[in-house]
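Data first, discussion second: the structure below is written as structure tokens.
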Amino acid sequence: MIYLDYVATTPLAPEIKETYIKLLNKYFINADSAYAPGYEVSGLIEKSRSHIAKMLNVRSDEVLFTSCASEANNLAIKGTAFQYMNRGKHIITTAIEHSSVANSFKELADVFGFEVDYLHVNHQGALDLDELRHLIRDDTILVSTMYVNNEIGVINPIHEIASIIHAKNPKTKYHVDCVQALGKLPIVLDDIDLASFSAHKIFGLKGSGLLYKKHNTSLVPLINGGQQEFGLRGGTSNAANEIVFAKTMRLALEAREEHYAYVSKLNHYLRSELLKRPGIVINSPVENCSPFILSISIPHYKPEVLVHALETYDIYISTKSACSSKHTDVSHTLAAMHLDDEIAKSALRISFSHLTTQQEIDTFLKALDESLKNVKKQR
């Protein structure tokens, strides 16, 4: 199998699997139980939290375990909106966010009466920061953007965005979806109020996420229950997941620079090979773009048909975000970039990791060439 969809998810690292199995077998006790084994499990969770905080250079009480990044995004966005709605109900996001962010803002508008403004992007996927300056008001309580776009890989200048937000309205909170940045780009949270992370994008467990919440930011809980996660997320702690997250993050951060350099070479090689093929359009910008993601379009070919054609060669890529893959409409990211309609509706996403080899890229290119000869072109 040639897997080129690492943005959707990653295989579980052998070291993480081994540790996780050991934890499942030994530490099954409820972390909130008031006896010695419970205290031991609770202590291991807090040790993991402390290690994660140290790696992110934040306080331990600023790290919250969640079931996934989508939950972390929901808690950050809705929890902030409900907490500070007495100051105003104006919130801002972008036109190219992950569905968990986009749909959270939509619900806040449709159900709870918040006013939402959406930042536009240019044809390269770059945000209009002057528009952001213009949109921030006295009653703006939250801005949310991703660090790295999950479809085209464009990198947002999050620290410049934070500077604009806090200069215009110091009370406005800034949330960053860091899912596609963790283990790939430097993570500095000094000027960020909230940030979301996921384990399964960095060779960790599915059903395992994190929310960083700066100590001077308050949230209304979305899951009410007991004392877990500083009273902000009720429910029995998923101890094994939470304990192993620290190791997952450590492995990713230790190899970050090495993996980035390796994948950058693969990305450059594939770009150069694709540019030799007439009719293929590269959507991912050259500058300010994650090398782990490459979006292309092949106009007049249905992307779903090409995905399945490549599957016959045991090669796996995607058309867009896995969370939206069962919808056949045009990607909202590419639509927001105002690309030609034929380009926007024929997009394919290729994503790499340190496990990807140049031989796999060459095999993919050969299979793509053969598929384009065999698949019927759409008029």
Q. Rest of the hydrophobic cluster containing Ile21 (Ile/Leu/Val/Met/Phe/Trp/Tyr, side-chain heavy atoms under 4.5 Å)?
A. none
Q: Report the hydrophobic cluster partners of Tyr39, with the cluster defined as I, L, V, M, F, W, Y residues connected by side-chain heavy atoms closer than 4.5 angstrom, directly or transitively.
A: none
Q) With a 4.5 Å limit on heavy-atom distance, are the side chains of Tyr20 and Lys22 in contact? A) no
Q) Is there a donor-acceptor contact under 3.5 Å linking the side chains of Ser237 and Gln228? A) no
Q. Side chains of Val307 and Glu304: closer than 4.5 Å at any heavy-atom pair?
A. no
Q) Any side chain to side chain donor-acceptor pair (under 3.5 Å) pairs touching residues 284-294, not counting sequence neighbours? A) none
Q: Kindly give the heavy-atom pair with the smallest separation between Arg349 and Asn150, and that separation in Å.
A: NH1-O, 2.7 Å
Q: Please report the shortest heavy-atom distance between Tyr174 and His166, naming the atom on each side.
A: CB-NE2, 4.4 Å
Q: With sequence neighbours excluded, tell me which residues meet side chain to side chain donor-acceptor pair (under 3.5 Å) with Ser351.
A: none
**Q.** From Ser104, Ser99, Ser144, Ser100, residue fulfilling side chain to side chain donor-acceptor pair (under 3.5 Å) relative to Asn73
**A.** Ser100
(Q) Between His354 and Tyr260, is the ring centroid distance below 6.0 Å? (A) no
Q) What closest approach, in Å, do Leu372 and Tyr301 show between heavy atoms, and which atom pair accounts for it? A) O-OH, 3.2 Å
Q: Kindly give the cluster partners of Tyr84, where membership spreads through any ILVMFWY side chain lying under 4.5 Å from a current member.
A: Leu64, Leu75, Ile77, Phe82, Met85, Ile91, Val101, Phe105, Leu108, Val111, Phe112, Phe114, Val116, Tyr118, Ile141, Leu142, Leu194, Leu211, Leu219, Val220, Leu222, Phe230, Leu232
Q | Set of salt bridge (charged side-chain N to carboxylate O under 4.0 Å, His left out) partners for Asp138, sequence neighbours left out | A | none
Q. Taking C-beta and beyond as the side chain, do Arg277 and Asp369 meet within less than 4.5 Å on heavy atoms?
A. yes
Q: Check side chain to side chain donor-acceptor pair (under 3.5 Å) between Gln124 and all other residues, then give those that pass, not counting sequence neighbours.
A: none
**Q.** Lys17 atom NZ, over 12 foreign heavy atoms within 6.0 Å
**A.** no
Review item, side-chain donor-acceptor pairs of residues 181-190, under 3.5 Å, at least two apart:
residue : atom : partner : partner atom : Å
Lys184  : NZ   : Gln180  : OE1          : 3.3

Q) Thr93 versus Leu119: any side-chain heavy-atom pair under 4.5 Å? A) no
Q: Considering non-hydrogen atoms only, spot the tightest contact between Asn169 and Ile136 and give its length.
A: CB-CG2, 3.9 Å
Q: Ignoring hydrogens and angles, tell me if any N or O in the side chain of Glu229 forms a donor-acceptor pair with the backbone of Phe65 under 3.5 Å.
A: yes
Q) Got a sec, which residues hit salt bridge (charged side-chain N to carboxylate O under 4.0 Å, His left out) with Arg271, two or more places apart in sequence or on another chain? A) none
Q: Show the numbers, then the answer: is there a salt bridge (charged side-chain N to carboxylate O under 4.0 Å, His left out) between Arg137 and Glu115?
A: CA-CA 12 Å; Arg137 313 184 316 213; Glu115 181 184 354; 2.8 Å; yes
Q: Give the other cluster members for Met146, using side-chain heavy-atom distances under 4.5 Å between Ile, Leu, Val, Met, Phe, Trp and Tyr residues; answer none if it is isolated.
A: none
Q) For Glu46, which residues count as a side chain to side chain donor-acceptor pair (under 3.5 Å) partner, sequence neighbours excluded? A) Arg49
Q: List in chain and number order the residues that pass side chain to side chain donor-acceptor pair (under 3.5 Å) with Glu242, two or more places apart in sequence or in another chain; answer none if no residue qualifies.
A: none
Q. So which heavy atom on Lys201 is nearest to which on Val179, and how close?
A. CG-CG1, 3.5 Å
